[in-house]
Amino acid sequence: MSTANHAAFADLSRPLLSPPLLSLLSLDQRERVAGAWRMASQDIGDDIRFIRQYLKVIAEKDERLSTGTLVHSRTYVEACAGWLPQTVARYLRHLRQITDCELAMTEAGIRFALSSYAWEA
């Protein structure tokens, strides 16, 4: 396992937020938790998009255009292979942050969408 992936998976073993401390969140802390949740929710979408793109480029590394030219340069394929573990690690950090924030928001009684289709006014 790469170092970046190892660090991200090791982070998943740490305990989640402690519920007794969450009930003491001030209004400012609640706003920060909700803001962190929103940012991580947006960032994770970018992570997923990049992961899919890198996997696609790597899978197409030997494909050629009708002219015989490679679809992707070897340099770009190698770059994508290098960026993939970093992006997966970042995805896992964002996923962990979303989980921690949702636990804190649930404990503090802050409503949040359970999916992109569940937003309520």
Side-chain angles (χ1 to χ4, degrees):
M1 180 180 292
S2 74
T3 305
N5 284 344
H6 176 70
F9 281 105
D11 183 54
L12 295 176
S13 65
R14 73 174 170 79
L16 296 173
L17 295 173
S18 170
L21 298 176
L22 296 179
S23 59
L24 304 174
L25 291 178
S26 68
L27 179 59
D28 184 52
Q29 290 169 322
R30 289 173 185 226
E31 288 176 4
R32 281 195 310 236
V33 168
W37 176 83
R38 280 191 298 278
M39 291 301 295
S41 296
Q42 292 170 358
D43 291 342
I44 206 167
D46 290 336
D47 296 336
I48 292 168
R49 183 172 54 87
F50 282 118
I51 289 168
R52 286 181 179 156
Q53 180 63 33
Y54 299 153
L55 290 172
K56 182 177 185 263
V57 168
I58 293 166
E60 296 173 346
K61 70 180 179 184
D62 294 324
E63 290 190 22
R64 297 184 177 270
L65 300 171
S66 60
T67 60
T69 306
L70 287 171
V71 173
H72 306 288
S73 71
R74 299 270 182 225
T75 306
Y76 184 58
V77 172
E78 290 172 9
C80 288
W83 294 329
L84 182 60
Q86 298 167 3
T87 307
V88 169
R90 187 174 55 240
Y91 166 81
L92 292 172
R93 284 192 305 272
H94 287 139
L95 185 62
R96 180 56 181 239
Q97 184 177 15
I98 289 169
T99 302
D100 287 346
C101 289
E102 287 180 354
L103 286 170
M105 291 173 14
T106 298
E107 180 68 25
I110 302 170
R111 294 179 57 200
F112 57 91
L114 299 178
S115 77
S116 59
Y117 299 105
W119 292 105
E120 296 178 16

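For the single chain, residues carry numbers from 1 onward in sequence order. Values below: all heavy atoms of this structure, side chains included; hydrogens, waters and symmetry mates excluded. This is a predicted model, so every value here is computed, not measured.
The hydrophobic clustering, which links ILVMFWY residues whose side-chain heavy atoms are closer than 4.5 Å, places Phe50 and Leu55 together.
Using cut-offs of 30° and 60° for the angle between ring planes, the Trp83 and Tyr76 rings count as perpendicular.
Here Leu103 contributes atom CG and Ile98 contributes atom CD1; the two are 12.0 Å apart, rounded to the nearest 0.5 Å. Taken to the nearest 0.5 Å, the CD atom of Gln42 stands 9.5 Å off from the CH2 atom of Trp37. Taking CZ from Arg52 and CD1 from Ile48, the interatomic distance works out to 6.0 Å, rounded to the nearest 0.5 Å. In this structure, Glu63 CD and Lys56 NZ are separated by 8.0 Å, a value rounded to the nearest 0.5 Å.
Across Pro85 and Gly82, no two heavy atoms sit closer than the pair CD-O, 3.4 Å. Contact between Met105 and Val33 at its shortest, heavy atoms only, is CG-CG1, 3.5 Å. The two residues Cys80 and Val57 make their nearest non-hydrogen contact at SG-CG1, 3.8 Å. When all heavy atoms are compared, the tightest approach of Ala81 to Ile58 is CA-CD1, 3.7 Å.
Within 6.0 Å of CZ in Arg64 there are more than 12 heavy atoms belonging to other residues, nucleotides or ligands.
No donor-acceptor pair closer than 3.5 Å links the side chain of Thr69 to the backbone N or O of Leu65.
By the 4.0 Å N-to-carboxylate-O rule, Arg74 lies close enough to Asp62 to be salt-bridged with it.
Of the listed residues (Asp43, Asp47, Ile51), just one forms a side-chain contact (heavy atoms from CB on, under 4.5 Å) with Arg90, and that residue is Asp47.
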